[in-house]
Number of protein chains: 2
Amino acid sequence: MKRNTWQREAVRTALGTQMGFVSAQDLHSNLKGTGSQIGLATVYRALGDLATEGEADSLQSPEGESLYRACSTGHHHHLICRGCGLAVEIEADDVEQWAKSVAALHGFSQAEHVVDVFGYCSACVPAVG
Amino acid sequence: MKRNTWQREAVRTALGTQMGFVSAQDLHSNLKGTGSQIGLATVYRALGDLATEGEADSLQSPEGESLYRACSTGHHHHLICRGCGLAVEIEADDVEQWAKSVAALHGFSQAEHVVDVFGYCSACVPAVG
DNA sequence: GGCTTATTGATAATGATTGTCAAAAGCGAT
DNA sequence: ATCGCTTTTGACAATCATTATCAATAAGCC
Ligand SMILES: [Zn+2]
Ligand SMILES: [Zn+2]
Ligand SMILES: [Zn+2]
Ligand SMILES: [Zn+2]
């Protein structure tokens, strides 16, 4: 049976306060910054669990880091700021249809897709040029 | 000025013989297996260069590894078999336009996108059910 | 309160990728 | 072909995210 620990809840709520995607390392730093004594490994485990249970959405940054975000809604994609992590949820039925049809067209089954857009939001663009 | 070395060519041709995406580590193993004495760091550098110059296409596996594939055409995406690594190049102007417009719509700059479809090809589907 | 067992967390281990830098090799000029 | 300058190489160390260990802790149940 899975137990309720303050660590799990801490990660859950910390994720909720984030406005965008964050890495496990970042979230751990944030938690430590607020006085929490939670361990890094626990943050990794909690995030992994949340993602598995569908309470969090995960993706990989272009640099290869795993990023997480609280998310309870259904299938959708994200427009993510490389600077501050801000994530805008985007839906695109066109893309969904396209993915489905291109897979079928080539005889592929059990098709899933990865569709994410990365850039710099209007607030971060001045900081990078 | 960039120089021509047998190492670069070795990586280029080794990539060409692959039917799907491969990691730098795998390609290095393959090269070593055929008697080449090329160094691992050189394989990483060569693949990075090829990707930058547009001669190779790169993406990240779900596990976070960087994968490469020979590719001489312009910007496109892939339909990738989880079973055998087979990759079909796909183009979708619709998706390109969508990515561009959704970024602009939200004030994002320097937008890049990750668009890949994963599934099982017709040859691999029987093996997984 | 105790028992049982999942969970935690400090730390070590892993594994991909990058940095270092002296030695080797490419290329243009001689 | 040789010289000289500059890029490239490669063995090795360093980095960095993530995972594995495993003894200590603490949920949940009686
Ligand atoms: Zn931003
Ligand atoms: Zn979708
Ligand atoms: Zn296949
Ligand atoms: Zn595209």
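Here is how names work: the chains are called A, B, and so on, in the same order as the sequence lines, proteins then strands, and each is numbered from 1. Fair warning: this is a prediction, and the values are worked out from it, not measured in the lab.
Of all nucleotides listed (dT18(D), dT6(D), dT17(C)), dT18(D) comes nearest to the side chain of Tyr44(A). With distances taken from any side-chain atom of Gln25(B) to the nucleotides dA17(D), dT17(C), dT7(C), the minimum falls on dT17(C). When each of dT7(C), dT21(D), dT18(D) is scored by its nearest atom to the side-chain atoms of Glu65(A), the top-ranked nucleotide is dT18(D). Counting only heavy atoms from C-beta on, Ala24(A) has its side chain closest to dT18(D) among dT9(D), dT18(D), dG9(C). Side-chain atoms of Ser66(A) lie closest to dT18(D) of the nucleotides dT9(D), dT18(D), dG28(D).
Comparing Ala41(B) and Arg3(B) along DNA chain D, the residue whose closest nucleotide (by nearest heavy atom) sits nearer the 5' end is Arg3(B).
Note on Thr42(A): every side-chain N or O is 4.0 Å or more away from OP1 and OP2 of dT7(C). Gln7(A) has no side-chain polar atom (N or O) that falls below the 4.0 Å cut-off from OP1 or OP2 of dA26(D).
Rounded to 10 degrees, the angle between the two end axes of the helix from dG1(C)-dC30(D) to dT30(C)-dA1(D) is 30°, with five pairs used at each end.
Looking at heavy-atom distances under 4.0 Å, Arg8(A) makes contact with sugar-phosphate atoms alone, never a base.
Hydrophobic clustering, with ILVMFWY side chains joined whenever heavy atoms are under 4.5 angstrom apart, groups Leu59(B) together with Leu67(A).
Side-chain contact between Gln60(B) and Glu63(A): absent, with no pair of heavy atoms (C-beta onward) separated by less than 4.5 Å.
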